[in-house]
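When reading the values below, keep in mind they use all heavy atoms of this one structure, side chains included, and skip hydrogens, waters and symmetry mates. Chain naming here is simple, since letters A, B, ... match the order of the sequence lines and numbering starts at 1 in each.
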Amino acid sequence: MADSSDPIALLDSAFRGATAAAFPEIGDSDPLITASKQAALGDFQSNVAMGLSKRVGKPPREVATAIVAKAAAMPELQQIAEPLSDKSIAGPGFINIRLKGEALAALLSAMDTPSLGVPAPDVKETIAVDLCGVNLAKQMHVGHLRATIIGDALARVFERLGHKVIRQNHLGDWGLPIAMVTAKIAADANSGKINLDTLKLDDLDKAYKQAQRECTADEAGLAAVERFQLGPKARAELEEQVRGAKEKLAAAKLTLVKLQSHDPEIYAVWQRIAKITVDECVAVCGRLHATVRAEDTAGESSYSNELAEIVDDLVKRGIAEESDGALVVRLDGPDDLDDRGQKITEPCIVRKSDGGFLYATTDLAGIRRRVRKFGASRLVYAVDARQSLHFQQVFAAARKAGYARKPNGENAPLRHAGFGMVLGEDGRPFKTRSGDNVKLTDLIDEAHQRASAEVNRRSAALPEAERDRIAEVVGVAAIKYADLCNDRMKDYVFSFDRMVAFEGNTGPYLLYAFARINSILRKAQAEKSIDTGPGAPFRKAALHIVQPQEKTLALAILRYPGALKSMADACEPHRLCGFLYDLAGAFSSFYDACPVLAADNESTVLSRLRLCDLTGRVLRDGLTTLGLPVVERM
RNA sequence: GCGGGCGUAGCUCAAUUGGAUAGAGCACCUGACUACGGAUCAGGAGGUUGCAGGUUCGACUCCUGCCGCCCGUGCCA
């Protein structure tokens with residue numbers, strides 16, 4: 001019937017034509033087709049008349065009447081929509097459109113393909129997604145949760161739409177803090193205190209914090225002792241601390257130099273630390289059902305020998321200039337605007353006055369590599385919103401330097417998909433009772449544990465091993481969905497209690513809907529001997545969209561390709577979450593009102609079974625695209 | 001100081017980017033036939049969208065000015 005199964009696209013085309021025919025002097029104009037909010041009004045609506053009113057100098061209802069007259073006569077529209085008339089015009093000039101049941105069935109059939117109605121992209125892009133962003137020698141904690149979950153979801157949606165995705169885990173593995181811990185580990189290994197071969201990330205995490213403490217001179221404490229005359233003992237202790245810290249810091253700086261010159265012994269220790277970190281990171285991401293592999297990791301160290309060259313390049317071409325001994329790229333020119341078209345007042349510092357490079361320099365190198373070496377046509381960064389200014393500076397500097405320029409001469413779009421903080425139920429940053437960051441493994445464990453209690457209670461009949469596997473999936477789905485379902489930019493409140501209540505708008509509710517669908521298909525096979533295999537006849541059965549719940553479900557299913565596109569365009573996973581929740585809700589209502597296996601005739605049974613199957617495949621596909629694991633039964 | 005973000009039902013969040021009576025979930029209340037999984041469904045109650053103006057057919061959305069919270073702001077990453 002149509003080359004597209006998206007009703008909005010079909011209506012857009014028809015109303016665009018009708019509008020042009022009614023008002024040739026206007027030329028092409030967007031018919032503003034949207035799904036109706038209230039089913040009572042219609043399925044879709046065009047809001048073009050109100051906007052056009054002023055341009056053609058006629059009252060909006062008159063404009064709507066003229067467009068309706070043209071549209072009503074179009075065969076392509078007659079085929080899919082109920083006849084239009086003056087009664088289709090409501091309020092100030094809304095044009096309400098209702099689809100025919102047969103048209104819905106035909107559209108669903110057209111969509112019922114392996115791609116589920118998602119068209120191949122006009123141009124296949126290569127998109128680099130920055131995600132995860134862990135640090136050497138540190139456990140993954142809540143601070144990495146959103147960068148991993150959101151970044152993975154964005155990577156998945158781009159892949160789903162047919163693009164090539166390059167994941168980049170920008171590992172913080174270089175610089176003085178890293179040298180501090182490396183120096184400590186090397187010293188401890190030399191003195192036999194630790195064994196490099198059996199070292200765990202937990203040990204590294206402790207060593208990191210300790211090294212940090214040991215290298216930080218408590219000058220404030222010493223000053224306080226002097227000011228308040230706290231006595232010789234306290235004074236001696238603090239003087240000792242400050243002297244020790246200065247020694248350790250000097251040693252760390254020496255280690256940094258050794259690291260940078262690839263001193264065999266220090267470099268080997270550092271590599272060992274890096275391996276332990278990355279292995280653990282990959283394992284945790286695996287538990288989180290997020291795709292981050294070792295080969296997706298590009299440490300800051302991997303850019304270290306490009307930084308001097310980049311800065312030279314910037315200076316030579318007059319892009320960077322000296323300022324107070326540092327080298328900066330000024331971004332106050334007319335072309336140096338941020339994402340919102342605002343001026344950037346602060347310059348981007350690319351080299352410190354002591355000659356050292358900064359993370360801005362590394363990020364510039366990252367942009368250059370992603371565009372030039374990997375051929376990325378678009379860059380997306382799933383990084384904390386607090387780094388917004390930093391990215392606007394780096395992006396503007398990269399554009400200025402031409403590092404974002406694609407082979408065709410255009411700049412690759414650079415996008416910071418920032419996100420808000422994870423808060424505890426007290427509204428403050430989510431921490432443990434003792435004030436530490438919550439480790440992701442602990443977070444997953446607790447979700448798993450809480451899910452176990454629910455699964456054991458509700459599904460006692462399932463084998464224990466399966467219940468445990470289900471509980472882990474449910475726990476991870478609960479964590480991830482809770483994160484993805486709100487507006488990325490906002491902070492959100494992390495609550496196990498709400499997540500594992502499993503009621504309402506939660507990951508488990510979506511998994512449950514999926515499990516119920518599978519249950520029907522299993523039962524169809526087992527009790528009614530209906531073949532439900534891959535090429536089974538019911539998958540081609542005629543669809544009858546009759547009951548209101550069937551119609552609502554059909555309209556929901558058809559929105560799927562648009563929901564994916566919307567999520568990808570805005571880099572906002574909560575849009576797909578909202579769609580899936582609507583879909584699951586539409587299915588639940590359908591399930592409640594429309595018997596499938598017990599329907600009163602065979603034709604209805606097969607039609608509804610096919611509707612279930614299609615819903616299930618869309619649910620699975622959508623959940624997978626968000627990065628949520630699914631189970632067949634729970 | 002300057003820049004940015006946020007403020008929506010008791011609580012947690014939406015609102016197709018300017019569209020119709022601002023929607024969900026939790027909690028609260030009322031219902032659901034010995035039908036496919038009650039982790040469900042149908043319904044009720046709950047709102048001056050921080051405040052005050054403005055723009056227009058129409059504003060949670062855009063503009064201006066305030067109030068409150070958070071974040072960032074030249075040599076950490």
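Judged by atom type and distance alone, Ser323(A) reaches the base of G74(B) through a side-chain donor-acceptor pair under 3.5 Å. Below the 3.5 angstrom threshold, one finds no donor paired with an acceptor across the side chain of Glu300(A) and the base of A77(B). Between the base of A20(B) and the side chain of Asn96(A) there is a donor-acceptor pair shorter than 3.5 Å. Ser388(A) contributes no side-chain N or O that forms a donor-acceptor pair with the base of G4(B) under 3.5 Å.
Both geometric conditions, a ring-centre gap below 5.5 Å and a plane tilt below 30°, are not fulfilled together for Tyr581(A) over the base of A24(B).
Of the listed residues (Val48(A), Ile97(A), Asp30(A)), just one forms a side-chain contact (heavy atoms from CB on, under 4.5 Å) with Phe15(A), and that residue is Ile97(A).
Taking the six-membered ring for Trp and the full ring otherwise, the centers of Phe357(A) and Tyr303(A) sit at least 6.0 Å from each other. Taking the centre of each ring, Tyr381(A) and His170(A) stay at or above the 6.0 Å mark.
Partner assigned to G72(B) is C2(B), using Watson-Crick or G-U wobble distances below 3.5 angstrom.
Using P as the reference atom, U30(B) and U21(B) are 33 Å apart when rounded to the nearest Å. Rounded to a whole angstrom, the distance from the C1' atom of C26(B) to that of C63(B) is 37 Å. As rounded to the nearest Å, U8(B) and U49(B) have P atoms that lie 12 Å from one another. Across the C1' atoms, U61(B) and U56(B) are found 14 Å apart, a figure rounded to whole Å.
Nearest to the side chain of Arg522(A), among C36(B), U73(B), G37(B), sits G37(B). Here the side chain of Pro92(A) is nearest to one of A24(B), A15(B), C57(B), namely C57(B). Checking U73(B), C75(B), C41(B) against every side-chain atom of Ile349(A), the shortest atom distance belongs to C75(B). Of all nucleotides listed (A15(B), C36(B), C41(B)), C36(B) comes nearest to the side chain of Tyr591(A). Here the side chain of Val493(A) is nearest to one of U12(B), G37(B), C75(B), namely U12(B). In the set G72(B), A20(B), G37(B), A20(B) carries the atom at the smallest distance from any side-chain atom of Gln38(A). You'll find that the side chain of Arg330(A) is closest to G74(B), out of G74(B), A20(B), G7(B). If you check A77(B), C26(B), A14(B) against the side chain of Gln387(A), the one that comes closest is A77(B). Checking C75(B), G37(B), C13(B) against every side-chain atom of Tyr492(A), the shortest atom distance belongs to C13(B). When distances are taken from the side chain of Thr34(A) to each of U16(B), A20(B), A14(B), the shortest belongs to U16(B).
Comparing Gly325(A) and Ile8(A) by the nucleotide of RNA chain B whose heavy atom lies nearest to each, the residue mapping closer to the 5' end is Ile8(A). Positionally, the nearest nucleotide of RNA chain B for Asp487(A) lies more toward the 5' end than for the other of Asp487(A) and Ala584(A).
Arg620(A) forms no cation-pi arrangement with Phe514(A), by the criterion of a distance under 6.0 Å to the ring centre and an angle within 45° of the ring axis.
By the 30° and 60° cut-offs, the orientation of the rings of Trp270(A) relative to Trp174(A) is perpendicular.
In this structure, CG of Asp338(A) is placed 9 Å from P of G4(B), rounded to the nearest angstrom. Atom pair Arg633(A):CZ and G37(B):P shows a separation of 13 Å (rounding to whole Å applied).
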Stepwise side chain to side chain contact (heavy atoms under 4.5 Å, CB included) check, Leu331(A) with Thr345(A): CA-CA 7 Å; Leu331(A) 303 166; Thr345(A) 46; over 6 Å; no
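At a threshold of 4.0 angstrom between heavy atoms, the contacts of His390(A) with the nucleic acid are absent.
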